[in-house]
Trainee: 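Here it is, the structure in full.
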Amino acid sequence: LSELGSESAKIKAMGIMDKLSTDKTVKVLNILEKNIQDGSKLSTLLNHNNDTEDEERLWRDLIMERVTKSADACLTAINIMTSPNMPKAVYIEDVIERVIQYTKFHLQNTLYPQYDPVYRVDPHGGGLLSSKAKRAKCSTHKQRVIVMLYNKVCDIVSSLSELLEIQLLTDTTILQVSSMGITPFFVENVSELQLCAIKLVTAVSNF
């Protein structure tokens, strides 16, 4: 899927995606939707009370692998849809909604808590760690897999703004996209995402 994401970006840049068979492209999108769905609601932050630290790390690695795979599926789908001169058949509403659902969930539940400790859930059941002082204590070190996921999600958000310029979306979907575009401005340490969000909010306002 990672390779497919890279290749689809190249084909999009070359402007030849529309030369592919529409039937095959639609089949690919439907398969991609299943892969997006696989990681769209997986929490990477839950502690399943495994017996050892190694078990916990193994569990987390498996979850992150599925979440990253779903991100690659999102990017591939969005690369197909935002390529020039694509037929109407490729703008599958379920796939678009799945991409948005995945992106919103992992921004809120995976990336914001990693980049801004105010969004972290208190493991002792106290809800969100709301104290701004927590930000000062936050380590800037990030796992490579988290940084990779963050970059992929930035690309997805940026590409969604392109999609808005091409395809009419339902009011419900536009509301989902709007909240996704506005929330990053209340999160610290996500400047790249905020730049992508500006593009998204601008596209929504022009909708």
Side-chain angles (χ1 to χ4, degrees), residues 1 5 8-9 12-13 17 25-26 28-44 67-116 118-119 128 146 148-207:
L1 275 163
S8 65
K12 174 184 170 180
M17 191 79 76
T25 306
V26 167
V28 168
L29 284 166
N30 285 324
I31 293 167
L32 288 170
E33 188 202 344
K34 301 298 180 195
N35 283 278
I36 296 167
Q37 185 177 6
D38 180 56
S40 64
K41 288 290 181 77
L42 288 175
S43 173
T44 61
V67 168
T68 305
K69 179 192 74 170
S70 293
D72 287 321
C74 284
L75 277 172
T76 305
I78 212 91
N79 283 337
I80 292 171
M81 292 182 191
T82 55
S83 294
N85 308 313
M86 292 304 286
K88 287 286 181 188
V90 305
Y91 302 112
I92 304 168
E93 197 172 303
D94 287 349
V95 178
I96 295 170
E97 285 180 2
R98 193 74 70 187
V99 169
I100 293 167
Q101 179 189 63
Y102 170 91
T103 309
K104 278 196 75 172
F105 181 87
H106 286 292
L107 280 172
Q108 200 70 44
N109 296 282
T110 303
L111 295 174
Y112 293 161
Q114 286 287 338
Y115 282 82
D116 187 342
V118 166
Y119 284 82
L128 289 177
I146 290 291
M148 195 188 306
L149 181 64
Y150 173 75
N151 290 329
K152 287 178 191 292
V153 170
C154 284
D155 288 343
I156 294 167
V157 172
S158 186
S159 296
L160 280 170
S161 62
E162 290 179 50
L163 183 63
L164 283 174
E165 293 166 9
I166 298 167
Q167 176 64 10
L168 284 171
L169 303 179
T170 64
D171 289 348
T172 308
T173 306
I174 287 294
L175 283 171
Q176 296 280 323
V177 172
S178 298
S179 68
M180 189 199 302
I182 291 165
T183 310
F185 298 106
F186 300 96
V187 183
E188 292 198 3
N189 308 312
V190 291
S191 53
E192 301 88 353
L193 178 62
Q194 288 168 348
L195 285 173
C196 298
I198 288 171
K199 284 176 64 180
L200 188 60
V201 171
T202 304
V204 169
S205 64
N206 292 335
F207 198 68

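Note that the coordinates shown come from a computational prediction; the quantities given were computed from them, not determined experimentally.
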Trainee: Mind listing the closest non-hydrogen atom pair of Ala77 and Val95 along with its distance?
Mentor: CB-CG1, 4.0 Å
Trainee: Suppose the criterion is salt bridge (Lys or Arg N to Asp or Glu O under 4.0 Å): which pairs have a residue in residues 88-99, not counting sequence neighbours?
Mentor: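 Non-adjacent pairs meeting salt bridge (Lys or Arg N to Asp or Glu O under 4.0 Å): Glu33-Arg98.
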Trainee: Could you check whether any side-chain N or O of Ser40 sits under 3.5 Å from a backbone N or O of Gln37, counting only pairs where one atom can act as donor and the other as acceptor?
Mentor: yes
Trainee: Of all heavy-atom pairs between Leu169 and Leu164, which one has the smallest distance, and what is that distance?
Mentor: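 Smallest interatomic distance, heavy atoms only, reads CD1-CD2, 3.3 Å.
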Trainee: Test of understanding: with salt bridge (charged side-chain N to carboxylate O under 4.0 Å, His left out), list the residues that count as partners of Asp72, not counting sequence neighbours.
Mentor: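 With neighbours one apart ignored, the set is Lys152.
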Trainee: With sequence neighbours excluded, what pairs up with Cys154 under the side-chain contact (heavy atoms from CB on, under 4.5 Å) test?
Mentor: Tyr150, Glu192, Leu193, Cys196
Trainee: Give a yes or no on whether the backbone of Tyr115 and the side-chain of Asn189 come within a donor-acceptor separation of less than 3.5 Å.
Mentor: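 At least one qualifying donor-acceptor pair exists.
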Trainee: Is any side-chain heavy atom of Gln114 less than 4.5 Å from a side-chain heavy atom of Leu149?
Mentor: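 Side-chain contact under 4.5 Å: no.
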Trainee: Measure the CZ-OH distance between Phe186 and Tyr112 for me, rounded to the nearest 0.5 Å.
Mentor: 10.5 Å
Trainee: Can you sort out the partners of Ala13 under side-chain contact (heavy atoms from CB on, under 4.5 Å), two or more places apart, ordered by chain and number?
Mentor: none
Trainee: Name all pairs fulfilling the ring-ring contact (aromatic ring centres under 6.0 Å, His included) condition that reach into residues 85-105, sequence neighbours left out, sorted by first residue then second.
Mentor: Tyr102-His106
Trainee: Quick check for you: to the nearest 0.5 Å, what is the distance between Glu162 atom CD and Ile78 atom CD1?
Mentor: 8.5 Å
Trainee: Looking at every non-hydrogen atom in both residues, tell me the closest pair between Ser161 and Ala203 and how far apart they are.
Mentor: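 Of all heavy-atom pairs spanning Ser161 and Ala203, the closest is O-CB, 3.7 Å.
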Trainee: Please report the closest heavy-atom contact between Val99 and Thr103, naming both atoms and the distance.
Mentor: O-OG1, 2.7 Å
Trainee: Does Thr202 offer a backbone N or O that forms a donor-acceptor pair with the side chain of Asn206 under 3.5 Å?
Mentor: yes
Trainee: With a 4.5 Å limit on heavy-atom distance, are the side chains of Val190 and Asp116 in contact?
Mentor: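 Not in contact.
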Trainee: Can you list, pair by pair, the side-chain donor-acceptor contacts under 3.5 Å of residues 173-184, counting residues two or more places apart and other chains?
Mentor:
residue	atom	partner	partner atom	Å
Thr173	OG1	Thr170	OG1	2.7
Ser178	OG	Ile174	O	2.8
Ser179	OG	Lys104	NZ	2.9
Ser179	OG	Gln176	O	3.0
Thr183	OG1	Ser179	O	2.6

Trainee: Enter the distance from Lys199:NZ to Gln194:CD here, rounded to the nearest 0.5 Å.
Mentor: 15.0 Å
Trainee: Hey, does the side chain of Thr110 reach the backbone of Leu107 with a donor-acceptor pair shorter than 3.5 angstrom?
Mentor: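 Between the backbone of Leu107 and the side chain of Thr110 there is no qualifying donor-acceptor contact (under 3.5 Å).
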Trainee: Can you check whether Leu32 reaches Ile80 side chain to side chain, under 4.5 Å on heavy atoms?
Mentor: yes
Trainee: Can you tell me how far CD1 of Ile156 sits from SG of Cys74, rounded to the nearest 0.5 angstrom?
Mentor: 4.5 Å
Trainee: Would you give the length of the straight line joining atom CG of Leu160 to atom CG of Leu200, rounded to the nearest 0.5 angstrom?
Mentor: 6.0 Å
Trainee: Looking only at atom types and distance, does a side-chain atom of Asn30 sit under 3.5 Å from a main-chain N or O of Val26, one as donor and one as acceptor?
Mentor: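 Present.
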Trainee: For Asn79 and Ser8, indicate whether the former's side chain and the latter's backbone hold a donor-acceptor pair under 3.5 Å.
Mentor: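 Not a single qualifying donor-acceptor pair exists.
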Trainee: Distance from Asn151 atom CG to Leu75 atom CG, nearest 0.5 Å?
Mentor: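 If I round to the nearest 0.5 Å, the distance is 10.5 Å.
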Trainee: Considering only heavy atoms from C-beta outward, does the side chain of Met86 approach that of Met17 to under 4.5 Å?
Mentor: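 With C-beta onward as the side chain, the pair touches.
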